[in-house]
There are 2 protein chains.
Amino acid sequence: MNEKVDDKALQTAYREQYPYQPFLEAMRPLTGKWKVEIMWALAQRTHRFGELRRALPGITQHMLTVQLRELEADGLVKRTAYEEKPPRVEYEITEAAHGLRPVFEALIAWSKQYGPMSRN
Amino acid sequence: MNEKVDDKALQTAYREQYPYQPFLEAMRPLTGKWKVEIMWALAQRTHRFGELRRALPGITQHMLTVQLRELEADGLVKRTAYEEKPPRVEYEITEAAHGLRPVFEALIAWSKQYGPMSRN
DNA sequence: CAGCATCCCAAAAGATACTG
DNA sequence: CAGTATCTTTTGGGATGCTG
């Protein structure tokens, strides 16, 4: 009944001693093939839907819509639709999302230091 | 022939002015359901295969193997097999991987500041 | 113990056509 | 212009059985 005490202690250590869950929580809203790129573009300036589409060569209209909706639901992007004809919709990053900059910067710094690690 | 000059300029800006590619390059080796958790565990100390398995409840043997192999190929994890019977294999993070700590910390700091953003 | 080989499934992403 | 609706494809991950 107690041969696995060490394992249990291990698990407790991981989950309680370190900000384990917060890390995973923080990563989740950015998972998706295009989300980081979208955030990157919006971090530069506000974009219209079509601008964003052209700024991300290869993305489909469908995927851009889907991922923007998810980013919006996660509070990282703000969508503003203007009732005009033809319609105009603008996307910008939220205040909360600006806080991600240090993360991006740290990651880039690391990437530069250790160089591109190509797997293939 | 030149109505799209603005778009081209935009793309150039994203890809040349900002460390766009480095960022994506840096993220790639960490994509995979368990990689961050594996790195987290190994950041605490060296683990044997079985220890790692027990430390990550829910992971399958198959996935642990696959993701460890990828992390190894990306130079984030070092694998050492001892020729014993029964066999013993130890995993540890590499020097390069230690540089990721600031990234993790920045992400966690951001996560704490803006709280958990639940989508559901 | 630490795995590899297979087969299978669900989720994510892409292609295409259509619309307020 | 900025989407939505469907359908198909791809990818990642899981289950199971076998082995040096």
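Here the structure is a predicted model, which is why all the values come from computation and not from measurement. Reminder, nothing fancy here: chain letters follow the sequence lines and each chain counts from 1.
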Would Arg45(B) and Glu51(B) satisfy salt bridge (charged side-chain N to carboxylate O under 4.0 Å, His left out), going step by step from the backbone distance to the final call?
-> CA-CA 11 Å; Arg45(B) 64 166 177 80; Glu51(B) 286 176 330; 3.5 Å; yes
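- Straight-line distance from the CE atom of Met63(B) to the C1' atom of dT11(D): 11 Å, rounded to whole Å.
- Nearest to the side-chain atoms of Thr60(B) among the listed nucleotides dA15(D), dG3(C), dG14(C) stands dA15(D).
- Nucleic acid contact for Gln67(A): sugar-phosphate only, since backbone atoms but no base atoms lie under 4.0 Å from a heavy atom of the residue.
- Within 4.0 Å of Thr65(A), counting heavy atoms only, lies at least one base atom of the nucleic acid.
- Formation of a donor-acceptor pair under 3.5 Å by the Thr46(B) side chain with backbone atoms of Glu92(B) is not found in this model.
- What separates CG of Leu56(B) from P of dG13(D) is a distance of 14 Å, to the nearest Å.
- Listed nucleotides: dG3(C), dG3(D), dC1(C). Nearest to the side chain of Pro87(B): dC1(C).
- Rounded to whole Å, the distance from CG on Leu52(A) to C1' on dC1(D) is 14 Å.
- Within 4.0 Å of Tyr82(B), counting heavy atoms only, lies no atom of the nucleic acid at all.
- Arg88(A) has its CZ atom 13 Å from the P atom of dC1(D), to the nearest Å.
- Within 4.0 Å of Arg53(B), counting heavy atoms only, lies no atom of the nucleic acid at all.
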Show your reasoning for whether salt bridge (charged side-chain N to carboxylate O under 4.0 Å, His left out) applies to Arg88(B) and Glu90(B).
-> CA-CA 7 Å; Arg88(B) 178 166 58 99; Glu90(B) 300 205 324; 3.4 Å; yes
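- Protein atom CD of Glu90(B) is 16 Å distant from nucleotide atom C1' of dG3(C), rounded to whole Å.
- In this entry the distance linking CG of Leu64(B) with P of dG13(D) reads 13 Å, nearest Å.
- Mapping His62(B) and His62(A) onto DNA chain D via the closest heavy atom, the residue that lands nearer the 5' end is His62(A).
- What separates CZ of Phe49(B) from C1' of dC4(C) is a distance of 10 Å, to the nearest Å.
- With rounding to the nearest 0.5 angstrom, the CG atom of Leu64(A) is 4.0 Å from the CZ atom of Phe49(A).
- The shortest distance between the side-chain N/O atoms of Lys85(A) and the OP1/OP2 oxygens of dG20(C) is not below 4.0 Å.
- In this structure, CG on Leu76(A) lies 8.5 Å from NZ on Lys35(A), to the nearest 0.5 angstrom.
- Distances shown here put a side-chain N or O of Tyr91(A) below 4.0 Å from the OP1 or OP2 atom of dG3(D).
- When rounded to the nearest whole Å, the span between CZ of Arg69(B) and P of dG12(D) equals 18 Å.
- Regarding contacts with the backbone of dG3(D), a side-chain N or O of Arg79(A) is found under 4.0 angstrom from either OP1 or OP2.
- Here dG14(C) is the nucleotide among dA2(D), dG14(C), dC1(D) with the atom lying nearest to any side-chain atom of Lys33(A).
- A donor-acceptor pair is defined here as one N or O able to donate and one able to accept, closer than 3.5 Å; no such pair exists between the side chain of Trp110(B) and the backbone of His98(A).
- Residue Arg48(B) places none of its side-chain N or O atoms closer than 4.0 Å to OP1 or OP2 of dC1(C).
- Gln61(B) comes within contact range of at least one nucleobase, with a heavy-atom separation under 4.0 Å.
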